[in-house]
2 protein chains.
Amino acid sequence: METRELRYFVAVAEELHFGRAADRLGIAQPPLSRTIAQLEHRLGVALLARTSRRVSLTEAGAVLLAEARSILGAVAAAERRTRNVDRPSLVLAAKAGGSSELLAKLLDAYAAEPGAVAVDLLLCQAHAAQPLLDGRADVAILHEPFDSTAGLDVEPLHAESQFAIMSSSHPLAGAAGLRMADVIDLPELARWPEPDGTYLPGPGVEVHDLTQLFQMIALGRAVAVMPEVVRVGLLEGLVAVPVVDAPKVTTVIAWPPHSRSRAVADLVRVATGFS
Amino acid sequence: METRELRYFVAVAEELHFGRAADRLGIAQPPLSRTIAQLEHRLGVALLARTSRRVSLTEAGAVLLAEARSILGAVAAAERRTRNVDRPSLVLAAKAGGSSELLAKLLDAYAAEPGAVAVDLLLCQAHAAQPLLDGRADVAILHEPFDSTAGLDVEPLHAESQFAIMSSSHPLAGAAGLRMADVIDLPELARWPEPDGTYLPGPGVEVHDLTQLFQMIALGRAVAVMPEVVRVGLLEGLVAVPVVDAPKVTTVIAWPPHSRSRAVADLVRVATGFS
DNA sequence: TGGCAGCGATACCCGGCCGGTATCGATAGC
DNA sequence: GCTATCGATACCGGCCGGGTATCGCTGCCA
């Protein structure tokens, strides 16, 4: 399997339309059809079920799509890392609006190290693990269990418990403590996007950043379970009730396996040093 | 970057010799030279330093070698998983000579599950993580920190402390407890092979399996630090002394990220259930 | 129900790239 | 200084990837 074949397959699998996929790839449709057919022939499995009106993924196709995305990410990452090996610089990915205190401490401590290189910050709206997988970043600050650390090396930095954030007029606002069972079925529980940007179905409001979420909560339209940090600087009219049995949120520093970068190793050492 | 280019590069980087690499790849040497030169040109970095007598890896080349090996493993794994999607069967990798009790319990419990599929066992002499990365296995039982779980999803199953195993005539054999400092510098500390099959330099005897190790220990030629399990059924004349500050050995079940297999999910659930 | 539009497959052609052979140029060792 | 070794270069041929034209199928609509 060549990466060209994987790129072509991913395009078709995502568009579910040979014409549009060919367009996106900047080639004509016939060679695309032929390449996919060859790939299927070599694998001995049908990847796409085509009627002349509709294209859909087979089960094998779904498996290959997931694998291919990850492989193409790894290839892009490999190119970037190879190219940048002699220009030591570090891109650190973190979720925008996350704990800036930890970040500041980390950057300060690392900058004081002998042999420290320049650290560029990549602040992501969501899913800070993605740039790590596609090679745009070298290290990331992630939050388990929210971010998937699959395929990454990880060191825990800090664990904190979670709180239910709600309007002070909410029926549960007066409680001293809640259990997950009390909140998990609330119809106003906010929903975050999945890694692919879509939302799982459900009754709660769809949110994509903290500001929007807090406005929704203030309006009594949403409730969310969040780690402790958000309690400081909580808006007027919002309360945080501890959820005693919610899983601890662990802030971790993550980097791709086989990282050979001295800078990454230093940063990780510094980070774990003061946790 | 095409996988063909990566395969060629890995061959040259491993052989450090264009002729032998071309031979291994089943092509002539000139096209290989050309392909590597094109790859270097596109990346804008030198991957190999060549004199007309000797080829060596540059730093960029070393980075790409690690990345490329992992990518090629992922590609092979993707092919196998895609091909086998409709033949549900599970390959479980484990270290031969490891705790067969846990394995038996796990296999029994899983077999009792509704929808269980046949589980094939792949018993590895060493490094059970390798078949997981190259797609020969779907799940593995690994032991942290011995096995690298980089790039895998992992659930811990069991943790145990470590013991120094030595001949009963050894000077330290009478001790009630040891510290790592007491054993780490012993000249007879056995050495295990690295993932590439080579041994790090050092004074201790080189071993590659448990039987051999125990014989060496019984002869007073070796000492080793090992997890608790090996205490049961220890040979006559061997003693196990607890090493109080040795890192705990954690038995984990590991699987590749993006595994879409129902069977893997079931097996993991069963495994974590009775830990 | 027949015409039509949309879409993937097929047929066929062209050019570039991959792989082959022959050879060169450099260098380490004798 | 000769020679063997090894990577680079030159050059050629065939295959394959990509293009255009067209076919065949099918759902839609008048």
Side-chain angles (χ1 to χ4, degrees), chain A residues 1-62 64-65 68 71-72 75 79 82, chain B residues 1-62 64-65 68 71-72 75 79 82:
Chain A
M1 277 199 310
E2 293 303 311
T3 63
R4 184 183 62 91
E5 298 173 309
L6 294 179
R7 280 193 303 274
Y8 286 12
F9 172 69
V10 168
V12 179
E14 286 180 353
E15 300 285 345
L16 291 177
H17 190 293
F18 280 75
R20 278 197 300 274
D23 208 35
R24 182 171 125 185
L25 293 165
I27 62 170
Q29 168 259 318
L32 178 57
S33 287
R34 197 177 52 198
T35 302
I36 300 291
Q38 282 169 354
L39 181 60
E40 288 178 309
H41 184 73
R42 262 211 313 281
L43 288 172
V45 218
L47 301 170
L48 298 161
R50 324 129 156 87
T51 67
S52 68
R53 303 299 293 175
R54 182 178 243 86
V55 176
S56 59
L57 276 177
T58 64
E59 202 182 338
L64 186 61
L65 176 57
I71 289 171
L72 293 178
V75 169
E79 287 194 28
T82 305
Chain B
M1 276 199 310
E2 292 304 311
T3 63
R4 184 183 61 90
E5 299 172 307
L6 294 179
R7 280 193 304 275
Y8 286 12
F9 172 70
V10 168
V12 179
E14 285 180 355
E15 300 284 346
L16 291 178
H17 190 293
F18 280 75
R20 277 196 302 274
D23 207 38
R24 183 171 125 185
L25 293 165
I27 63 171
Q29 169 258 320
L32 178 57
S33 286
R34 198 177 53 198
T35 303
I36 301 291
Q38 281 169 355
L39 182 59
E40 288 178 308
H41 184 73
R42 262 211 313 281
L43 288 173
V45 215
L47 301 171
L48 297 161
R50 324 132 158 85
T51 66
S52 67
R53 301 300 294 175
R54 181 177 243 85
V55 175
S56 59
L57 277 177
T58 64
E59 203 183 337
L64 186 61
L65 176 58
I71 289 171
L72 293 177
V75 169
E79 286 194 30
T82 306

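Letters A, B, ... are given to chains in the order of the sequence lines, protein chains preceding strands, and every chain is numbered from 1. Any value given below was found using the heavy atoms of this structure, including those in side chains, with hydrogens, waters and symmetry copies removed.
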Notebook entry, point to check: Nearest to the side chain of B:R34, which nucleotide is it out of C:dG19, D:dA21, D:dG19?
Noted result: C:dG19

Next item on the list: Starting from P on D:dA8, measure out to NE2 on B:H17 and report it in whole angstrom.
Entry: 12 Å

Checklist line | cation_pi(A:R20, A:F18) dist<6.0 Å, angle<=45 | finding: no

Next item on the list: Report the distance from atom CZ of A:F9 to atom C1' of D:dG17, rounded to the nearest whole Å.
Entry: 20 Å

Item checked: Nearest-angstrom distance from the residue atom CD of A:Q29 to P of D:dC23 -> 15 Å

Notebook entry, point to check: Among C:dA9, D:dG17, D:dA8, which is the nearest nucleotide to the side chain of A:S33?
Noted result: C:dA9

Note to self: Heavy atoms only, 4.0 Å cut-off, all strands: where does B:R4 land among base, sugar-phosphate and nothing?
What the structure shows: sugar-phosphate

Checklist line | Nucleotide nearest B:V55 when distance is taken to its side chain, options D:dA10, D:dG7, D:dC11 | finding: D:dG7

Next item on the list: Specify the separation, in whole Å, of atom CD of A:E15 and atom C1' of C:dG6.
Entry: 16 Å

Check: Starting at CD of A:Q38 and ending at P of C:dT10, how long is that distance when rounded to a whole Å?
Finding: 12 Å

Check: Okay, side chain of B:E5, backbone of B:T35: is any donor-acceptor separation there less than 3.5 Å?
Finding: no

Notebook entry, point to check: Rounded to whole angstroms, how far apart are OH on A:Y8 and C1' on C:dG8?
Noted result: 17 Å

Next item on the list: Whole angstrom is fine here: how far is it from CZ in A:R7 over to P in D:dG17?
Entry: 13 Å

Item checked: Nearest-nucleotide pick for B:F18, side chain only, options being C:dT21, D:dA21, D:dA8 -> D:dA8

Check: Short question: side chain of A:E2, backbone of B:E2 - any donor-acceptor pair under 3.5 Å?
Finding: no

Margin query: Taking CZ in B:R54 as the centre, count heavy atoms belonging to other residues, nucleotides or ligands within less than 6.0 Å. Is the count above 12?
Written below: no

Note to self: Using the side-chain heavy atoms of A:R50, tell me which of these nucleotides is nearest: C:dG8, D:dG7, C:dT10.
What the structure shows: C:dG8

Notebook entry, point to check: Rounded to whole angstroms, how far apart are CG on B:D23 and P on C:dG19?
Noted result: 15 Å

Notebook entry, point to check: Can you tell which of A:L47, A:L6, A:V10 makes a side-chain contact (heavy atoms from CB on, under 4.5 Å) with A:L65?
Noted result: A:V10

